[in-house]
2 protein chains.
Amino acid sequence: MAAPPAAPPPARAVDLIGRKRDGGELREDELAVLVGGYLDGSVGEGQMAAFLMAGVLRGFSDDEALALTRILEGSGEVLDLSALAGPTLDKHSTGGVGDATTLLVAPLCAAAGAQLVKLSGRGLGHTGGTLDKLESIPGLRVDLAEDELLRIAGEVGCVVGAQTDRLVPADKALYALRDVTGTVASRALIASSVMSKKLASGAGTIVLDVKAGDGAFLPTGAEAADLARLCVRIGIAAGRRCVALVTAMDQPLGRGIGNALEVAEAVRLLSAPPSGSRLAGVALDLAAHGVAVARHGDVRTVAAVRRELERRWGEGEALERLRAMVAAQGGDPRVCDDPAAVLPAAPVVLPAPAPRAGTVTALPARRVGELAAALGAGRARKGDAVDPAVGLDLAVEVGDAVEAGQPLAMVHARDRGAAERVAAELAALLRIGDGPGGAVPDLLDVIR
Amino acid sequence: MAAPPAAPPPARAVDLIGRKRDGGELREDELAVLVGGYLDGSVGEGQMAAFLMAGVLRGFSDDEALALTRILEGSGEVLDLSALAGPTLDKHSTGGVGDATTLLVAPLCAAAGAQLVKLSGRGLGHTGGTLDKLESIPGLRVDLAEDELLRIAGEVGCVVGAQTDRLVPADKALYALRDVTGTVASRALIASSVMSKKLASGAGTIVLDVKAGDGAFLPTGAEAADLARLCVRIGIAAGRRCVALVTAMDQPLGRGIGNALEVAEAVRLLSAPPSGSRLAGVALDLAAHGVAVARHGDVRTVAAVRRELERRWGEGEALERLRAMVAAQGGDPRVCDDPAAVLPAAPVVLPAPAPRAGTVTALPARRVGELAAALGAGRARKGDAVDPAVGLDLAVEVGDAVEAGQPLAMVHARDRGAAERVAAELAALLRIGDGPGGAVPDLLDVIR
């Protein structure tokens with residue numbers, strides 16, 4: 001007689017890694033062994049990295065992504081927004097260049113009666129971060145305690161704070177490892193990272209802006225839509241209302257690329273009725289979908305909500321909410337009256353002239369973002385300081401006709417050498433052709 | 001004007017990992033950045049593990065394997081055998097069950113005038129290790145300094161010592177990481193690990209025994225032949241003479257599986273003219289190919305050399321060399337006269353009876369090795385102690401006819417409970433069918 005079967009031993013990390021390496025699927029309790037073990041040190045950094053790389057190359061199922069999201073969400077504190085009266089909203093972007101949508105979406109949603117509580121991160125690489133932009137406003141604080149977040153959201157309708165280490169610590173630990181091990185680019189890992197933060201932030205409705213294109217994590221609209229679908233599926237499975245917009249990030253979205261420059265652009269836009277600005281259009285689309293879903297659970301009313309938001313914008317309600325939010329977070333509210341008088345300015349501002357006449361056919365977002373980062377607007381490594389004043393103020397976008405010598409952008413720099421270098425590089429990377437002009441669409445897909 | 005191109009920055013680990021993740025090939029200097037960085041701490045454990053997993057799933061080119069071998073070889077000391085007079089030989093097995101070939105090959109080669117210096121490792125999992133087997137001989141030392149190795153090789157013609165930490169430290173570090181991260185099973189990583197140790201051990205001729213089958217790393221003969229081809233290519237590129245035999249490891253090679261049991265079997269075999277034993281046959285094949293290549297640079301004379309080795313064996317020369325090696329390494333040479341009087345014996349020895357009559361059709365090597373390890377003959381983790389006395393002494397092999405109740409093996413155990421459990425499991429895993437008997441070949445391929 002063989003020995004009676006013993007109780008199954010706890011799953012060993014190396015066996016779980018091997019299963020993923022061979023294309024298998026892991027259950028939630030098995031994923032929890034790995035993630036929990038990584039946090040408590042019983043699963044080594046090498047084991048977690050090998051598992052992540054196996055997952056990047058072999059793929060994770062949607063069920064695995066959902067399970068990972070729950071594990072990450074449950075690894076720390078969660079924000080309780082139940083004390084707020086209105087429908088609660090959260091907004092997330094996968095990261096873009098010249099992408100100040102939060103500075104428009106947050107006050108727009110607040111103006112429409114939603115309460116938007118957004119915990120944000122800092123910029124890294126070629127993409128900017130909302131916290132860095134807000135901190136270019138003198139006095140403004142983003143390190144807000146939970147009671148401050150709730151109070152400001154209740155009083156103003158919107159608040160943007162820094163994510164604390166107590167929220168989804170497992171995501172923070174995993175992301176730091178993914179960042180140095182070439183394992184960022186995984187649909188399931190991106191979705192679980194994004195959605196665990198959104199779920200832990202407590203809002204009833206989540207509106208996602210998934211970027212597609214040269215300046216985004218995901219170059220194609222199809223990949224971005226796949227990521228958006230998975231995020232929405234995870235949000236709905238967790239009992240939240242969720243909608244995702246896939247938007248173009250082949251060229252910078254706004255004209256300003258740099259922290260104070262983007263704040264100034266947002267204030268300028270909100271100070272007048274909504275224009276044909278692509279940034280304004282995407283912000284209206286995001287806010288309209290978020291508010292429609294928050295109010296009604298679906299997007300059937302989105303056109304009417306968008307018209308309502310345009311009206312409120314035109315009547316100055318959104319600017320008023322932005323002013324109130326800035327003041328509530330300790331910032332100088334006069335930034336909403338005269339940005340130039342309040343925001344830091346770069347000592348050198350030089351034009352980048354067009355080398356020839358024609359039509360702008362490409363303005364690669366990633367490279368433009370890298371140029372702004374090289375001026376000091378972004379950080380190469382976590383923890384680096386950013387220069388709030390520097391950046392680019394684009395004068396053109398794809399489809400525009402230009403004359404030779406016409407400024408393509410104003411370069412805001414610390415010194416003349418940096419400004420001249422970046423002006424030359426911008427002129428070299430911007431493509432000017434002879435084809436017809438015309439705007440390109442920004443809203444590529446809506447995922448429910 | 002764009003800025004003049006700067007000197008290329010040193011390769012960043014995360015970029016190199018990303019290149020391998022995407023299926024690219026790395027140059028030797030780039031691989032050295034990773035391996036060297038891992039040793040000096042500038043490349044993290046997670047980065048190295050992610051790189052290894054990417055390589056396991058995307059594959060390494062033969063050039064990468066050769067480069068990795070050189071990097072590992074150069075990471076520590078190398079043994080200088082130039083003071084030895086005869087042709088120097090080294091032998092390596094990828095690891096089997098009941099595989100005491102080194103105990104036969106080393107003295108056979110020595111008897112033929114070659115000088116075999118083998119640095120060996122310890123057993124792990126279901127496979128045994130030559131050091132563990134030798135250490136079952138009372139007094140025998142394997143921790144030999146370089147001058148001792150050279151002296152014994154010069155005087156006796158063969159010596160088997162423990163690999164020190166100063167030899168290929170990078171391989172040791174990488175293997176420890178691969179072991180816990182599911183990244184062992186890679187042709188290029190196995191080849192570079194094996195060959196870096198062999199190159200650093202300094203012999204002019206290397207004979208490899210690459211196992212194929214259920215009890216081997218590689219289940220199929222084709223995979224084993226691919227590994228053998230890569231190892232030989234690396235050896236020749238490094239200026240060594242090199243030959244590889246692909247041999248079967250579907251069933252245990254020898255009858256003894258356990259440290260003292262395998263030493264006893266080797267002594268028993270060498271005490272009489274070469275028999276029909278499969279272990280003796282593989283040992284003769286390995287020694288004949290190694291000596292032929294060491295003498296002549298090719299295998300054309302291998303049949304004549306094999307006949308010469310059989311003659312020397314029959315005249316007792318090989319047993320004499322084994323006795324001299326045991327004595328030179330501090331062991332009790334009387335083991336070569338009466339193994340039972342010298343080697344440790346297990347307190348309980350029980351037969352494992354055949355449950356039915358028929359022909360043995362399968363005796364799965366891996367499971368048999370695991371049974372011996374469960375008795376204490378092997379170690380589950382590096383650093384565990386092994387019990388020299390316990391193990392299995394098989395009475396049958398594939399193709400043998402058995403009667404119901406006939407002993408399939410004698411189980412040598414610490415206590416009766418363990419012996420009975422293992423006897424039952426052995427009877428259950430050994431397959432007995434009704435087909436015709438007949439031996440199966442062991443030598444599957446010769447790679448030059």
Side-chain angles (χ1 to χ4, degrees), chain A residues 1-4 9 12-24 34 37-38 42-59 125 173-174 176-186 355 371 374 380-381 417-418 420-429, chain B residues 1-4 9 12-24 34 37-38 42-59 173-174 176-186 355 367 371 374 380-381 417-418 420-429:
Chain A
M1 280 277 295
R12 295 195 319 151
V14 65
D15 298 330
L16 299 175
I17 298 165
R19 184 125 56 86
K20 180 49 71 188
R21 176 199 63 210
D22 298 339
L34 289 173
Y38 182 51
S42 63
V43 169
E45 176 186 316
Q47 294 184 309
M48 181 51 69
F51 172 73
L52 293 169
M53 181 58 83
V56 165
L57 289 174
R58 288 295 200 174
L174 279 195
L177 183 60
R178 288 168 59 206
D179 190 40
V180 297
T181 56
T183 53
V184 168
S186 149
L371 284 184
R381 292 165 184 282
E420 285 173 351
R421 253 195 321 276
V422 165
E425 292 190 27
L426 182 69
L429 69 86
Chain B
M1 280 277 295
R12 295 196 318 150
V14 66
D15 297 331
L16 299 175
I17 297 165
R19 185 127 54 87
K20 180 49 72 188
R21 176 198 64 210
D22 298 339
L34 290 172
Y38 182 50
S42 63
V43 168
E45 175 186 316
Q47 293 184 309
M48 181 50 70
F51 172 73
L52 292 170
M53 182 58 84
V56 165
L57 288 174
R58 289 295 199 176
L174 279 196
L177 184 61
R178 288 167 59 205
D179 190 40
V180 297
T181 55
T183 52
V184 167
S186 149
R367 290 286 296 120
L371 283 184
R381 291 166 185 283
E420 284 173 351
R421 255 195 320 275
V422 165
E425 291 190 29
L426 181 69
L429 69 85

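The sequence lines fix the lettering, A, B, ..., with proteins before strands; numbering per chain opens at 1.
Highest contact tally toward chain A, considering only Gly18(B), Ala50(B), Ala13(B), is held by Ala50(B) [criterion: heavy-atom pairs under 4.5 Å].
Between Ala49(A) and Gly46(B), the closest heavy-atom pair is CB-O, 3.0 Å. Taking both residues in full, the closest heavy atoms of Val180(B) and Ile17(A) are given as O-CD1, 3.8 Å, listed atom of the first, atom of the second, then distance. For Arg21(A) against Leu57(B), the heavy-atom pair with the smallest separation is O-CD2, 3.4 Å. Closest non-hydrogen pair, Val14(B) versus Thr181(A), comes out as CG2-N, 4.2 Å. Among all heavy-atom pairs drawn from Glu45(A) and Gln47(B), the shortest one is OE2-N, 4.5 Å.
Only the side chain of Val56(A) comes within contact range of chain B, with at least one heavy atom under 4.5 Å from a heavy atom of that chain. With a 4.5 Å cut-off on non-hydrogen atoms, Leu52(A) does not touch chain B at all. With a 4.5 angstrom heavy-atom cutoff, Ala54(B) touches chain A via backbone and side-chain atoms both.
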